Protein chains: 2
Amino acid sequence: MLISEFALKTGLSRETVRFYVRLGLLHPQTTLKGGRNPYQLFRPEDVATAELIRIGQALGLSLKEIAALMEKRRKGKLPLKGRIEMMRAQLARLNRKAVELDRLRAYVRAKIEWQEDGEKGPEPTLELAT
Amino acid sequence: MLISEFALKTGLSRETVRFYVRLGLLHPQTTLKGGRNPYQLFRPEDVATAELIRIGQALGLSLKEIAALMEKRRKGKLPLKGRIEMMRAQLARLNRKAVELDRLRAYVRAKIEWQEDGEKGPEPTLELAT
DNA sequence: GATAACTGTGGAGTGAACTACATGGTCAAT
DNA sequence: ATTGACCATGTAGTTCACTCCACAGTTATC
């Protein structure tokens, strides 16, 4: 598919798509069409990649970080041990994030209950991580 | 407490604290100290406010949005029902985020196992949200 | 073959959220 | 009274993630 269709499918603007390509987040193929400035051809897997970008962003990763992770994966140059090592690090990060998120959720839940209870007892607090 | 102590307590830099004050996110009192440029006095509730800012950011709210919400709360214009409603919406947002995070974690864990297993069987995939 | 609807490149601009000075006033301790 | 650790203001710079635009080539449609 061409860029406009891809943009429509992913909900991104054409400009943003080109921006992502420049950053190396997307790797469309080049068509024979377009002469000196060949058109970019996007495949279904690129749509999946866009989805991954969205998720990464939702998790608070920067585009640079996302690009770096994808580059490593894409090259597959890492030996098995290295790949696993990398994914463990990623997982650890995700886990830390999950813990933080859970803490936040518990806090908000407690606060709602506390308010429904007429604000009796001590107001729930969110202790900062040390 | 003065700005340095406050910054330490909240994990923010002094510059960031001043930035937040400029944006109206924090409302320190003014001391008698400091002459023409009076020192800012932060109270424990300001530390709580800083925590709220952190939460809001984790939820993907902009500082502007956070400021707007706080302004509403500060003015006490929201009735109890409204406050609870707001927190429920916040909680729902957090929950969606947690689900996404769990999905991603499961994916990474599966991938690690798959690799440790010699990449036998189908490569785990991250089904896209519909 | 004119024209509308695409495509590309290059570069500048925007808004958000900091971050880094330079400059100068204030305070506590010696 | 000087020194060092604070404080404030103001302005400028940075990074990130887009976003806009002018200009030009290409393709599809009538």
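So that the names make sense, note that chain A is the first sequence line, chain B the second, and so on, each numbered from 1. Predicted model, so just to flag it, every value in this text is computed and none were measured.
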Taking atom C1' of C:dC18 as reference, at what distance in whole Å does atom CG of B:Leu12 sit?
11 Å
Are the charged groups of B:Glu85 and B:Lys81 less than 4.0 angstrom apart, N to O?
no
Listed once per pair and sorted, the ring-ring contact (aromatic ring centres under 6.0 Å, His included) pairs that draw on residues 11-33 of chain A, sequence neighbours left out:
none
Got a sec, which residues hit side-chain hydrogen bond (donor to acceptor under 3.5 Å, both in side chains) with A:Glu119, two or more places apart in sequence or on another chain?
B:Arg83
Of all nucleotides in DNA chain D that come within under 4.0 Å of a heavy atom of chain A, which is furthest toward the 5' end and which toward the 3' end?
D:dC16 to D:dA28
List, one per line, each side-chain donor-acceptor pair under 3.5 Å for residues 37-45 of chain A, sequence neighbours excluded.
none

Please report, rounded to the nearest Å, how far the P atom of C:dG15 is from the CG atom of B:Leu23.
15 Å
Contact list for residues 54-91 of chain B, test ring-ring contact (aromatic ring centres under 6.0 Å, His included), sequence neighbours left out:
none
Check for a donor-acceptor pair, side chain of B:Thr10 on one end and backbone N or O of B:Phe6 on the other, with a separation under 3.5 Å.
yes
Give a yes or no on whether A:Met70 and A:Leu23 share a hydrophobic cluster (residues Ile, Leu, Val, Met, Phe, Trp, Tyr; joining criterion: side-chain heavy atoms under 4.5 Å apart).
yes
Going by the rule side-chain hydrogen bond (donor to acceptor under 3.5 Å, both in side chains), which residues pair with A:Lys111 if we only count those two or more places apart in sequence or in a different chain?
A:Tyr107, A:Glu123
Can you give one letter per nucleotide of nucleotides 2-13 of chain C, going 5' to 3': B for a protein heavy atom under 4.0 Å from the base, S for sugar-phosphate only, - for none?
----BSBB----
Helix axis bend for the helix from C:dG1-D:dC30 to C:dT30-D:dA1 - C1'-based end axes, five pairs, 10° rounding:
10°
Check DNA chain C against residues 60-67 of chain B and give the residues with a non-hydrogen atom under 4.0 Å, in numerical order.
B:Ser62, B:Leu63, B:Lys64
Take the protein atom OH of B:Tyr20 and the nucleotide atom C1' of C:dC18, then report the distance between them rounded to whole Å.
8 Å
Partners passing side chain to side chain contact (heavy atoms under 4.5 Å, CB included) against B:Ser62 (at least two apart in sequence or in another chain)
B:Lys64, B:Glu65
Tell me, please, which residues at least two apart from B:Asn95 pass side-chain hydrogen bond (donor to acceptor under 3.5 Å, both in side chains).
A:Arg105
Is A:Arg109 salt-bridged to A:Glu113, cutoff N-O under 4.0 Å?
no
Polar side-chain atom of A:Trp114 near backbone of A:Pro124 as donor-acceptor pair, under 3.5 Å:
no
With A:Thr30 via side-chain hydrogen bond (donor to acceptor under 3.5 Å, both in side chains) - residues at least two apart:
none
